[in-house]
Amino acid sequence: MNLQTTTLNNGIKMPVLGYGVFRVENGAELAEAVKISIKKGYRSIDTAQIYGNEEMVGQGIKEAIAEGLVTREELFITSKVWNAGLNYEAALAAYDDSLSKMGLDYLDLYLIHWPGHDQYLDAYKALETIYKEGRVRSIGVSNFQVHHLENLLKETEIKPVINQIEFHPRLTQQEVRNYCTEHDIQVEAWSPLMNGELLKDETIQSIAAKHNKTAAQIVLKWDLQHQVVTIPKTMTESRMEENINVFDFELTTEEMAQIDGLNENFRCGPNPDEFNF
């Protein structure tokens, strides 16, 4: 299966649908799940330093490559630097640590996980150094609000390619998305299915029935039609297949508007303006 891609502002292509591993334990089951996801057609894998599972993500990638399922060049691997004690030197060291744990020579995308209050500029300058050295293919941020992005663009040289944010029908973050679109920063959704809560929503279920699709497929398609990259998490093989099978139908303008109307500005995760380290 050839996944659709989006071209980031530095010219790198990224799959619009990837495989997330948030809150997955660092064990053999995860390595197997990563390998199965690759077998099912996923080419983008998203992890983070704080998830504590980079080793097994790397193991799954290594096994998939060894079995001839994929080449490293066909994959798009993302990790993120945590904010605790974050400064320029710590961010440089964290990148090397992530590469070591994953057994990789480079990452395709490296993100600052949270803005915090005042540490992200030094950390981002470390990411710029890694990028200029050709050791990472692209750099970006996660959970940045408009004021964080404004400050970042003013104080640094290299525009982030991605802003990965909590995004789902109950939290549409229109202001942040508008700003990112205006500045050619790709928005990426974490927790796109709201930990499964959205699958019970009657509006989404009704639209799913019309398309002979599942509620999860409707939400993921809604992400993609909003030009938002999405990284659903599942450890279940059948759901991996379900989540990636969203390229054979389109939601109508009316259906998109119905789902947009579910917005309550409701966060599952922390508010970036209140979450400090």
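Throughout, residue positions are numbered sequentially from 1 according to the sequence presented. A quick note: this is a predicted structure, and the numbers were derived from the prediction, not measured.
In terms of heavy-atom proximity, Val57 sits nearest to Val34 at O-CG1, 3.9 Å. Across every non-hydrogen atom of Phe249 and Gln217, the tightest pair is CZ-O, 3.8 Å. The heavy-atom pair separating Ser79 from Leu107 by the smallest distance is CB-CD1, 3.7 Å. Closest non-hydrogen pair, Met56 versus Ala28, comes out as SD-N, 4.1 Å. When all heavy atoms of Gln186 and Val228 are compared, the closest pair comes out as NE2-CA, 3.9 Å.
In this structure, Leu193 and Leu220 have side chains that are in contact, with non-hydrogen atoms separated by less than 4.5 Å. Within the 4.5 Å cutoff, the side chain of Ser191 has no heavy atoms near those of the Glu197 side chain. Inter-residue side-chain proximity for Ile204 and Leu199 is flagged as unmet; no heavy-atom pair is nearer than 4.5 Å. With contacts defined as side-chain heavy-atom distances shorter than 4.5 Å, the pair Thr6/Val229 qualifies. In this structure, Pro160 and Leu153 have side chains that are in contact, with non-hydrogen atoms separated by less than 4.5 Å. With contacts defined as side-chain heavy-atom distances shorter than 4.5 Å, the pair Phe167/Pro192 does not qualify. Between Tyr124 and Ile139, the closest side-chain pair of non-hydrogen atoms falls below 4.5 Å. Between Val161 and Ile12, every side-chain heavy-atom pair lies at or beyond the 4.5 Å cut-off.
Between the CZ atom of Arg72 and the CD1 atom of Ile65 there is a distance of 7.0 Å, given to the nearest 0.5 Å. Interatomic distance, CG of Leu17 versus CG of Asn245, reported as 10.5 Å (0.5 Å rounding). Separation of atoms OG1 (Thr5) and CE (Met14) is listed at 10.5 Å; rounding is to 0.5 Å. Rounding to the nearest 0.5 angstrom, the gap separating the NE2 atom in His226 from the CD atom in Gln174 is 7.0 Å.
Taken together through direct or relayed side-chain contacts under 4.5 Å among Ile, Leu, Val, Met, Phe, Trp and Tyr, Leu171 and Ile218 form parts of separate hydrophobic clusters. Leu109 and Trp114 fall into different hydrophobic clusters, where Ile, Leu, Val, Met, Phe, Trp and Tyr side chains are chained together by heavy-atom contacts under 4.5 Å. A single hydrophobic cluster is seen to contain both Ile165 and Tyr120, as judged by linkage of ILVMFWY side chains at heavy-atom distances under 4.5 Å, directly or through other members. Both Trp82 and Met102 belong to a common hydrophobic cluster when Ile, Leu, Val, Met, Phe, Trp and Tyr are linked at side-chain heavy-atom distances under 4.5 angstrom. No single ILVMFWY cluster, assembled from side-chain heavy atoms under 4.5 Å apart, contains both Ile231 and Val70.
No more than 12 heavy atoms of other residues, nucleotides or ligands lie within 6.0 Å of CG in Asp105, so this atom counts as exposed by the packing criterion. Around CG of Asn212, the count of heavy atoms belonging to other residues, nucleotides or ligands within 6.0 Å does not exceed 12. The neighbour count for Glu254 CD, taken as heavy atoms of other residues, nucleotides or ligands under 6.0 Å away, does not exceed 12. Environment of NZ in Lys62: sparse, with no more than 12 heavy atoms of neighbouring residues, nucleotides or ligands closer than 6.0 Å.
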Item to complete: Begin from the C-alpha positions of Asp223 and His168 and carry the test side chain to side chain donor-acceptor pair (under 3.5 Å) through to its verdict.
Response: CA-CA 8 Å; Asp223 286 8; His168 46 71; over 6 Å; no

Worksheet entry | Test log, rule salt bridge (charged side-chain N to carboxylate O under 4.0 Å, His left out), inputs Lys13 and Asp108 | CA-CA 10 Å; Lys13 290 188 183 301; Asp108 298 277; over 6 Å; no

Discussion item. Apply salt bridge (charged side-chain N to carboxylate O under 4.0 Å, His left out) to residues Lys35 and Glu67 and explain how you reach the verdict.
Written reply: CA-CA 10 Å; Lys35 186 169 70 172; Glu67 291 178 23; 2.8 Å; yes

Worksheet item: salt bridge (charged side-chain N to carboxylate O under 4.0 Å, His left out) between Asp248 and Lys221: does it pass, once the steps are laid out?
Response: CA-CA 10 Å; Asp248 59 350; Lys221 188 64 177 186; over 6 Å; no

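Residues Asn9 and His183 have side chains that never bring a donor and an acceptor to within less than 3.5 angstrom of each other. Side-chain N/O atoms of Gln59 and Glu63 include a donor and acceptor closer than 3.5 Å. Checked by atom type, the side-chain pair Gln164/Asp46 shows a donor-acceptor distance below 3.5 Å. Defined by atom type and a distance below 3.5 Å, a donor-acceptor pair is present between the side-chain atoms of Ser98 and Glu54. Counting only N and O atoms by type, the side chains of Tyr179 and Asn163 include no donor and acceptor under 3.5 Å apart. Checked by atom type, the side-chain pair His148/Glu150 shows no donor-acceptor distance below 3.5 Å.
Taking the centre and axis of the six-membered ring of Tyr110, the NZ or CZ atom of Lys80 falls outside the cone set by 45° and 6.0 Å. Tyr19 does not carry Arg43 over the face of its six-membered ring by the limits of under 6.0 Å from the centre and within 45° of the normal.
In terms of the salt bridge (Lys or Arg N to Asp or Glu O under 4.0 Å) criterion, residue partners of Lys132 (sequence neighbours excluded) are, by chain and number, Glu157. Residues that satisfy the side chain to side chain contact (heavy atoms under 4.5 Å, CB included) test with Glu241, not counting sequence neighbours, are Lys40.
Salt-bridge formation is detected for the pair Arg170/Asp201: a Lys NZ or Arg NE/NH1/NH2 atom is positioned less than 4.0 Å from an Asp or Glu carboxylate oxygen.
Ile207 pairs with exactly one of Met256, Lys213, Gln258, Glu202 by the side-chain contact (heavy atoms from CB on, under 4.5 Å) rule, that one being Gln258.
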